[in-house]
Amino acid sequence: MATLQAWQRTHWCGDVRKGDVGGEMTFNGWVRRRRDHGGLIFVDLADRTGLCQVVFDPSESAEAHEAAGGLRSEYVVSVSGVLVARSEETINPNLATGEVELRVRRLEVLNPSETPPFSLVEEDAAADELIRLRYRYLDLRTPRMQQNLRLRHRAAQAVRAYLDRQGFWEVETPILFRQTPEGARDYLVPSRVNPGHFYALPQSPQIMKQLLMVAGVERYYQLARCLRDEDLRRDRQPEHTQIDMEMAFVTREDILNVTEGLFRAIWRDTIGYELPDPFPRMTHAEAIDRYGTDKPDLRYGMELTDLSDLAAQCEFRVFTSAVQTGGQVKALVAPGGAQWGRMEMDRMTEELQRETRAKGLAWIAVLAEGPKSPIAKFFSEELMSTLLQRTGAQAGDMVLMVADRPDVVAEALDRLRRKLALRLNLIPEGAFAPLWVLDFPMFARNADEGRWDAEHHPFCMPHPDDIDLIESDPGKVRAQAYDVVVNGDELGSGSIRIHRRDIQQRIFSMLGITPEQAEERFGFLLKAFEYGTPPHGGIAPGFDRIVMWLCGEPNIREVMAFPKTQTAQCLMSGAPSMVDERLLRDLHVRVDLPPQE
RNA sequence: GGGCCCGUAGCUCAGUCGGUUCAGAGUGCCAGCCUGUCAAGCUGGAAGUCGCGGGUUCAAGUCCCGUCGGGCCCGCCA
């Protein structure tokens, strides 16, 4: 063991308490604030554990006191002295270390600092994200970001500990892989030694983890970096981390159980929150029917009510014709919304028309003296009362209705439901509502190209009862695919995979992939499948999104050390950058930019 | 590719109807004073291409057009 140098830390700033009083100790850290009283100087010294006040008193050390006058924000220092209890009236109750302070005998400036471009003090106003990203190494020094980094680390440890207990092996897969046709655009890497050939950075290790099942790994996991060249969002970065998992000889039930256990372990080990056991479940069809979305937020109610049969009996043409043409009329109830006036409702309608494909919004204010609505005249008293009864609306509530094709009704009421939950303050603080959404459709109609696309991915096993519908009624085929949803956010998606060549062949042909194309694109995978592939399946929870929820952060960038902006740039390093012509020549790559102006 | 919001001192922001209360506040920074502060205090000081370019006007931080940068959303993300 190396000898401790005189300047090296013996204690952490944030850890010292009354019980440590009397001890000689050394702190290493950053000068956060300096309060210079002339004869006496106080410094808030911070390391990653927190903050402790250190006092420079000339009667303790004239030399240290003299030198402390030159300290500035974010100077890196080592201080040694005796930890003392503060007198009763000088205790700072807002500080974990507020009952003690270090009387400094020795100060060493390990490194001075430029004045930071923004304050790193917790209480100060946060700098703009533009400037935070440019100086990310300073931003990460703030208490907020240090907490996020620490919590992310805790979550990663919880994942590894839990999956290890469950018998999973952590296996790393290549970042340089073969380009395979998947959903998103690929990031490509040119090969120097293979002119004109490219690697693709994996959008996920999907194919590799299935090959690991063929390889007999049986239980695999990886905190896997996934790269997709698509436009960014609040919860989408060019590279993100998935808890990628795959299991052999399992049913859907096994995967759901392991995943629930994983989520419960993460929430418990990081923030001490107990997620329900088991998670509630609903089918995809049920989620769409009850909430208008495949990822409903179950922290609040406001379920949708189908009124199509009643609406068909009224005189309101918009309603009757919607139902006659195969559409729907559905409603949701806004508690306490009856007070909204006509102007307010016009505004809400206009907004809904702008943001969704809905053509209008019908409403009934349920007042104590009776229903009030522009469309009341189209309803008999009896029909109106049946309708209100079915929605469960109480006096003081507002019933909001949309009539249209089912997908438009779902889109509009889902949007309305989420907006109203925020506006009406229906979302309980600090609550987590997990949910399994099961039985996703196998295929989705691609209207633009007039063909069927895989909803999840082409290796996903159809529901055993629906296999005979693949060719005859593809829209009805359910997939053995499942999403884990928390608070209306899709946090993970997975499926049981196809391990039989014949079924795989039928899926490919439904997707318009010829055997020749399949051979060309996935030949190595299909060949592998012929050598004793066990039944298998998996899931891939999004690690960044999980940590974002645990930290209570509004976006994924706050829980990533070095995120990129919406234009996929790193403001700190300047990536992506132009590169030297010679490098491009080595790679056999020529840049062909569109002409400027 | 499209829609919306933002850009003024190092930082956070104010700036009304376009007009010598329009170059401002707080904080930070620099200097001096100060032995119990913890957002220390007091005194003084420095600090601006009002993102950039163009236009309208007698006059533009303010209005218009374009552009750059940041954010939110749609498309996209199996």
Residue met sooner reading RNA chain B from 5', once A/Ala454 and A/Thr565 are mapped to nucleotides: A/Thr565
Give every donor-acceptor pair under 3.5 Å between a side-chain atom in residues 13-23 of chain A and any protein atom, sequence neighbours left out.
{"residue": "A/Arg17", "atom": "NH1", "partner": "A/Gly14", "partner atom": "O", "Å": "3.0"}
{"residue": "A/Asp20", "atom": "OD2", "partner": "A/Arg17", "partner atom": "N", "Å": "2.7"}

What does the list of N/O pairs under 3.5 Å between the protein and nucleotides 1-9 of chain B look like, with a distance for each?
none

Quiz item: A/Arg354 side-chain donor-acceptor pair to B/rC74 base, under 3.5 Å: no
Pairwise P distance, B/rA40 and B/rC29 [rounded to whole Å]: 10 Å
C1' atoms of B/rG71 and B/rG54, separation to the nearest Å: 26 Å
Geometric class of the A/Phe508/A/Phe522 ring pair [parallel <30°, tilted 30-60°, perpendicular >60°]: parallel
Whole-Å distance separating the CD atom of A/Glu66 from the P atom of B/rU35: 15 Å
Nearest-angstrom distance, P atom, B/rA23 to B/rU16: 14 Å
A/Glu63 and A/Ser61: side chain donor to acceptor below 3.5 Å: no
Interatomic distance, A/Asp186 CG vs B/rA78 C1' [rounded to whole Å]: 12 Å
Parallel, tilted or perpendicular: ring planes of A/Tyr137 versus A/Tyr135, cut at 30 and 60 degrees: perpendicular
A/Arg35 side chain near B/rU37 phosphate (N/O to OP1/OP2, under 4.0 Å): no
Sidechain N-carboxylate O distance under 4.0 Å for A/Asp414, A/Arg417: no
Nearest-angstrom distance, C1' atom, B/rG10 to B/rG75: 39 Å
Nearest-angstrom distance, C1' atom, B/rA31 to B/rG15: 31 Å
Nearest-angstrom distance from the residue atom CZ of A/Arg185 to P of B/rC77: 8 Å
Between B/rC38 (C1') and A/Glu99 (CD): distance, integer Å: 15 Å
For B/rC17, the Watson-Crick or wobble counterpart (both distances under 3.5 Å): none
Aro-ring/base stack A/His37-B/rA40, d under 5.5 Å, angle under 30°: yes
Closest to side chain of A/Ser204, choosing from B/rC38, B/rG69, B/rA78: B/rA78
A/Gln569 versus A/Thr567, side-chain donor and acceptor atoms under 3.5 Å: yes
Side-chain donor/acceptor of A/Arg228 to base of B/rC77, under 3.5 Å: no
Of the listed nucleotides B/rG75, B/rG36, B/rC38, the one nearest the side chain of A/Arg236: B/rG75
Lys/Arg N to Asp/Glu carboxylate O, A/Asp124 vs A/Arg32, below 4.0 Å: no
Shortest side-chain distance from A/His457, nucleotide among B/rA78, B/rG36, B/rC76: B/rA78
Whole-Å P distance, B/rC76 and B/rU57: 46 Å
Between B/rG70 (C1') and A/Arg136 (CZ): distance, integer Å: 14 Å
B/rC34 and B/rA39, which share atom name P, separated by this distance in whole Å: 24 Å
Sugar-phosphate only, base, or nothing, as touched by A/Ile131 at under 4.0 Å among non-hydrogen atoms: sugar-phosphate
Rounded interatomic separation in angstrom, taking CD from A/Gln566 and C1' from B/rC74: 12 Å
Comparing A/Gly183 and A/Gln53 on RNA chain B - which has the more 5′ nearest nucleotide: A/Gln53
Nucleotide forming a Watson-Crick or wobble pair with B/rG26, both distances under 3.5 Å: B/rC11
Opposite nucleotide pairing with B/rG32, Watson-Crick or G-U, both atom distances under 3.5 Å: B/rC42
Sugar-phosphate, base or nothing in reach of A/Arg134, heavy atoms under 4.0 Å: nothing
Donor-acceptor side-chain pairing of A/Asp244 and A/Tyr220 below 3.5 angstrom: yes
Pair assignment for B/rU67, Watson-Crick or G-U wobble, requiring both distances under 3.5 Å: B/rG51
Aromatic-base stack, A/Phe118 on B/rC11, cutoff 5.5 Å, angle under 30: no
Donor-acceptor contact below 3.5 Å, side chain A/Glu101 vs main chain A/Val54: no
Donor + acceptor pair across side chains of A/Gln222, A/Thr173 (<3.5 Å): yes
Exercise: do A/Thr180 and A/Arg178 side chains pair donor with acceptor under 3.5 Å: no
Strictly under 3.5 Å: I want the nitrogen or oxygen pairs between protein and nucleotides 25-32 of chain B, one per line.
{"residue": "B/rC30", "atom": "OP1", "partner": "A/Arg72", "partner atom": "NE", "Å": "2.9"}
{"residue": "B/rA31", "atom": "OP2", "partner": "A/Arg72", "partner atom": "NH2", "Å": "3.4"}

Short side-chain N/O contact from A/Arg234 to OP1 or OP2 of B/rC73, under 4.0 Å: yes
Distance, nearest 0.5 Å, that separates CZ of A/Arg557 from CG of A/Leu133: 7.0 Å
Rounded distance (Å) that lies between atom C1' of B/rC74 and atom CD of A/Glu351: 15 Å
Whole-Å C1' distance, B/rA47 and B/rC11: 13 Å
Separation of B/rG71 P from A/Arg132 CZ (nearest whole Å): 11 Å
